Structures are given as structure tokens and as C-alpha cells.
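Just so you know, residue 1 is the first one in the sequence shown, and it goes up from there. Since this is a predicted model, take the numbers as computed values, not measurements.
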Amino acid sequence: SEIFFYERALTSEQQGKIRTYLGMKYAITLDANLDNDQIGYTYILSNGTVVWDGNTAPSINFHRNVAGLVRDDESGMFINKSKSSANGATVTMMVPGHNACGQGTQSELSVNHSAIYWVHNGLVGNNVNFDPSDPDVCGEVENMTGRVWLVKKTNLAEQTVTMRFSASDGFPYASSAYEVFLLVGESAEALNNGQYLQAIPTTFVDGEHQINYTFTEEYTYFALGAKASPSACETCGFSGTKKIEFTNSTWARGDLDRVFDVGDNVSVRVNAKIENTGSANSQFYNRYPRASSTKSLREYRRRNLDQYM
């Protein structure tokens, strides 16, 4: 924490700059009116440059998890990596190759009084489900966050950043079980209608989905799309172990195939067969396999050939 002492009363503008300084340094979502969550806050640099105005279009509906990359030489503000310190934050951004969060000793942004700020619209658990076969939906995305982020770029021609997306109440797809896409659109409404300009795949690294992206416009809207990974087991949502017991009630003598429900929406299929080598005796003895007294599956007696399951 920091404490400031002054020998005189500060003007509202000066107080605003101090609050902004602390908000930018510690990735704090400032609030101009605690009784009205629709009233945002204006973040300003030491020279008066506005890097985020939460009370004018298009920013007025975006006032959640405010964070930014900032360069302000006069105030010694060098933020090269940031993630909102408020609950529910999903997005981390950093200048590529820079991994120290918070205040640095020098800026990786090329221009003084510049910034990249990102804020979301506050939607929680409102995920849009698409039909990939719908001709009005671009790409193969099956799900999309109802939460949309707005990014503002200030005093930079373009800026490449590394973006990382971690689990939150607005992003339930932070898992290797999903392929996640950065969806860039013209507006929040367009994104929610499945009309996005870009669908860029991310990479799953150390528990987060990650991508490098270059911001070229003053304002950019994005959401996160997902589809189930082909290699993922979507129903294996349990910890610990599951046990299958072979008894006369769970496995009838001579059965060769059965599905066991082991709970937690997990089913296990057991199939028994003899490797076919062309012999006429490639079969189990009558009423084998069968449950044994140890609740395992007894394969004997069998004729001549090796059996496998």
C-alpha cells in the first residue's frame, strides 16, 4: 500500500490523477459512485491524456476488471504486464517476453503517455451456444462467452501483446478439454450474434490459454469462443479411482460385452474376445468368461489360444 501526504488541499483533477496512478499501478477497478455500478471512472495520465473514460461511448457499458499496460515517464509509471486485481479477472496482457507483473523500471511501450486498456461488460455465466452448421455463424466455434471485452489503444500506432486467459466466473473453458479461440468483432452485439471478424486459435500453456495479438485500432471488441477438444474426455469429471466388480449379478456367464455405470456420469465398456488366428478352436469354453470369487473376470477355461480384453 501507499500513503500520500500533502500540505494543501488538492483539486478534483489532481485527486483524479493520484487515484488513476494507484489504479494503474495496482490494476484496481476505480469506482466514481459506489451506489451505481453503471457509472465508470476516467483514468488519466500525468499530462492529462485520457486512457480510459468509463462514462462516454463506447466505454460506458464496460466497467469490470479494469487493467492496462501503461507508459508515463513523468510519473515513473511503467506497467508491462497486468491483470485486474478485482475478483473474476480472466485476462492477463503483457508485452511479449516480459513476465514481471506490476510496476517495472522501464517501459516496453515505444511512446510516452501511451497505454493499452481492457475492460469487460460484467456478464457472468451467460454463454452463447452456436450451431456450427448454421451458415450465419463463422467458423467451428460451439460456445462463446457472453462476457465481451473492450480494449482501448492510446497513442500507439499498433501494439503486439501476449494475452492469457484463466478460469473465472465468465470463462468456464480454461481447460485442455477445450480448444479456445480469440473472437474479434465490430461490437458486442455482433459478437453475441456470432458475427466475428477473426477467430484465432489459442495455445494451452501452464493451465491458461495463450495467444499473441496485435492491436491496430483505437477500440477493439473481443470475446472467447470454445469447442470441445476431439481428444478430450468431456465426461470424466471426477477425482480418485473407480472400481468395477465382476459378480454373477453384474456379469452373466458367457457374456462377452457389457457396459458398467461407475457413477459421476462415467461409463466403462468391457469387451472380451479371443484373438483370431484361424483355428477352429478360437473360442471360450461354454459359459466363459465368468465372474470369479475375487470379483474379477475369470477367462479360463479356454481352448488353445490366448485371450485378451
Give me the atom names and distance for the closest heavy-atom approach of [X] to [Y].
X      : Y      : answer
Met93  : Leu69  : O-CD2, 3.5 Å
Ser75  : Tyr21  : O-CE1, 3.7 Å
Ala174 : Ala167 : CB-N, 3.4 Å
Asn155 : His113 : ND2-O, 2.7 Å
Ser84  : Ala67  : N-CB, 3.6 Å
Ala291 : Leu297 : N-CD1, 4.3 Å

>> Test of understanding: with side-chain contact (heavy atoms from CB on, under 4.5 Å), list the residues that count as partners of Tyr117, not counting sequence neighbours.
In response: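 Expected list: Met24, Tyr43, Val51, Trp52, Val66, Val70, Ala115.
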
> Considering residues at least two apart in sequence or located in another chain, which fulfil the side-chain contact (heavy atoms from CB on, under 4.5 Å) criterion with Gln15?
Replying inline: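 In terms of side-chain contact (heavy atoms from CB on, under 4.5 Å), with neighbours along the sequence ignored, Gln15 is linked to Leu10, Arg19.
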
Output yes when a side-chain donor or acceptor of [X] lies under 3.5 Å from a complementary backbone atom of [Y], and no otherwise.
X      : Y      : result
Asp72  : Met77  : no
Ser175 : Tyr178 : no
Arg258 : Thr250 : yes
Asn193 : Gln195 : no
Thr202 : Val180 : yes
Ser85  : Tyr26  : yes
Asn80  : Val95  : no

With rounding to the nearest 0.5 Å, note down the distance linking [atom1] in [X] to [atom2] in [Y].
X      : Y      : atom1 : atom2 : value
Ile60  : Asn121 : CD1   : CG    : 14.0 Å
Tyr173 : Met144 : OH    : CE    : 9.5 Å
Leu197 : Leu183 : CG    : CG    : 10.5 Å

>> One pair to check against side-chain contact (heavy atoms from CB on, under 4.5 Å): Val268 and Val259. What are the steps and the verdict?
In response: CA-CA 6 Å; Val268 178; Val259 176; over 6 Å; no

Hey, any chance [X] and [Y] share a hydrophobic cluster, counting ILVMFWY side chains that come within less than 4.5 Å of each other, even indirectly?
X      : Y      : value
Phe181 : Phe204 : no
Met94  : Val119 : no
Ile116 : Ile211 : yes

>> Go through it in stages, so that I can follow the logic: the residues are Glu158 and Lys153, the test is salt bridge (charged side-chain N to carboxylate O under 4.0 Å, His left out), and I'd like the CA-CA distance, side-chain angles, deciding distance and then a yes or no.
In response: CA-CA 8 Å; Glu158 63 178 39; Lys153 175 177 63 66; over 6 Å; no

> Can you say whether the rings of Tyr213 and Phe215 are parallel (under 30°), tilted (30 to 60°) or perpendicular (over 60°)?
Replying inline: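 The arrangement is perpendicular - the two ring planes meet at more than 60°.
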
> Should Thr42 and Val50 be marked as a side-chain contact (heavy atoms from CB on, under 4.5 Å) after you check the CA-CA gap, both sets of side-chain angles, and the distance that decides it?
Replying inline: CA-CA 7 Å; Thr42 300; Val50 175; 3.8 Å; yes

Taking atom [atom1] of [X] as the centre, report whether more than 12 heavy atoms of other residues, nucleotides or ligands fall under 6.0 Å from it.
X      : atom1 : value
Asn87  : CG    : no
Gln14  : CD    : yes
Asp257 : CG    : yes

> Which residue pairs pass the salt bridge (Lys or Arg N to Asp or Glu O under 4.0 Å) test when at least one of the two sits in residues 73-83, sequence neighbours left out?
Replying inline: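 Every pair satisfying salt bridge (Lys or Arg N to Asp or Glu O under 4.0 Å) with a residue in residues 73-83: Arg71-Asp73.
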
Under 4.5 Å between any side-chain heavy atoms of [X] and [Y], yes or no?
X      : Y      : answer
Thr49  : Thr154 : yes
Trp251 : Pro289 : yes
Leu156 : Gln159 : yes
Phe4   : Ile18  : yes
Thr220 : Val184 : yes
Met163 : Phe222 : yes
Leu123 : Val148 : no
Thr29  : His63  : yes

> Passes side-chain contact (heavy atoms from CB on, under 4.5 Å), Ser82 versus Trp118? Steps please.
Replying inline: CA-CA 10 Å; Ser82 186; Trp118 60 96; 4.0 Å; yes

> Are Ile44 and Thr20 close enough, and set up right, to give a side-chain contact (heavy atoms from CB on, under 4.5 Å), and what steps lead you there?
Replying inline: CA-CA 6 Å; Ile44 54 177; Thr20 297; 3.9 Å; yes

> Can you check side-chain hydrogen bond (donor to acceptor under 3.5 Å, both in side chains) on Asn212 and Thr162, steps first, answer last?
Replying inline: CA-CA 4 Å; Asn212 282 2; Thr162 299; 2.7 Å; yes

>> If you take the centroid of each ring, where Trp contributes its six-membered ring, are Phe260 and Phe246 closer together than 6.0 Å?
In response: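 Yes: the rings meet the under 6.0 Å criterion.
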
>> Check for me whether the distance between the ring centres of His209 and Phe165 falls short of 6.0 Å.
In response: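 No - the distance between ring centres of His209 and Phe165 does not fall below the 6.0 Å cut-off.
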
>> Any salt bridge linking Asp169 with Arg147? Criterion: basic side-chain nitrogen under 4.0 Å from a carboxylate oxygen.
In response: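 A salt bridge links Asp169 with Arg147.
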
> Between Glu142 and Lys227, does at least one N-O distance fall below 4.0 Å, as a salt bridge requires?
Replying inline: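 So Glu142 does not pair with Lys227 through a salt bridge.
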
